[in-house]
Every structure is written in C-alpha cells, then in structure tokens.
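In what follows, a single structure is set out as structure tokens and then discussed.
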Amino acid sequence: MSLSSYRMHRIYLAATMNYGLGSNDLEELAYYNKIRKEMNDMKKEPFKRGIPLNWDNPAKID
C-alpha cells in the first residue's frame with residue numbers, strides 16, 4: 001500500500017523537526033529514515049556562498 005500525501009507530509013514534518021515517528025509500519029519507517037538520511041547527507045556537504053573571485057589571474061574572468 002502506498003502512503004497518502006497527508007501521511008507523507010506528517011512523516012516529513014516529524015523527520016525535519018527531529019521528532020520520533022511513533023509508528024511500526026515498515027513503509028512509514030522507511031520513508032522517515034530516507035528523509036533523515038538525506039538531511040544528514042546535506043549537512044555533510046559544503047555549502048558555497050557568494051561569488052567566486054579569481055584574484056590570481058584576471059584574464060580568466062569573463
């Protein structure tokens with residue numbers, strides 16, 4: 001059985017707010033763990049801000 005959009009939204013909110021799921025349904029647990037894993041992976045990736053400047057070689061700037 002597929003998860004309804006309402007249930008998916010509730011699981012998403014629980015995962016993003018770091019709440020427990022409180023369910024033993026395997027499909028809901030799998031979706032919850034998938035979201036938590038994606039969030040942890042995003043935290044590990046460096047986030048580049050701003051405009052990269054190349055001060056060493058101004059000829060490369062378009």
Side-chain angles (χ1 to χ4, degrees):
M1 183 175 116
S2 177
L3 292 174
S4 68
S5 60
Y6 172 77
R7 191 67 195 145
M8 288 173 71
H9 180 68
R10 298 293 296 224
I11 294 168
Y12 176 80
L13 288 176
T16 56
M17 297 178 77
N18 210 16
Y19 291 161
L21 185 57
S23 174
N24 292 333
D25 184 16
L26 295 178
E27 192 173 5
E28 292 179 359
L29 287 171
Y31 186 67
Y32 178 83
N33 291 332
K34 176 186 163 196
I35 293 172
R36 295 293 301 164
K37 182 182 180 302
E38 288 175 0
M39 288 176 46
N40 289 334
D41 291 345
M42 284 191 294
K43 288 180 184 176
K44 292 177 185 176
E45 293 177 7
F47 184 72
K48 298 179 182 177
R49 297 178 188 211
I51 301 169
L53 297 175
N54 189 354
W55 294 101
D56 297 333
N57 191 357
K60 290 185 178 180
I61 299 174
D62 293 351

From Ser5 atom OG to Tyr12 atom OH, the distance as rounded to the nearest 0.5 Å: 15.0 Å
Neighbour count above 12 (heavy atom, 6.0 Å) for Asn24 CG: no
Distance, nearest 0.5 Å, that separates OH of Tyr19 from CZ of Arg10: 11.0 Å
CD on Glu28 to CD1 on Ile11, rounded to 0.5 Å: 4.5 Å
Under the side chain to side chain donor-acceptor pair (under 3.5 Å) test, residues paired with Asn18 that sit two or more places apart: Arg36
Under the side-chain contact (heavy atoms from CB on, under 4.5 Å) test, residues paired with Ser4 that sit two or more places apart: Tyr6, Arg7
Qualifying residues under salt bridge (charged side-chain N to carboxylate O under 4.0 Å, His left out), relative to Lys34, sequence neighbours excluded: none
Co-membership, hydrophobic cluster, residues Tyr31 and Leu26, 4.5 Å side-chain: no
Closest approach of Leu29 to Leu21 (non-hydrogen atoms, all atoms of both residues): CD2-CD2, 3.7 Å
Smallest separation among heavy atoms of Ala14 and Gly20, with atom names: CB-O, 4.2 Å
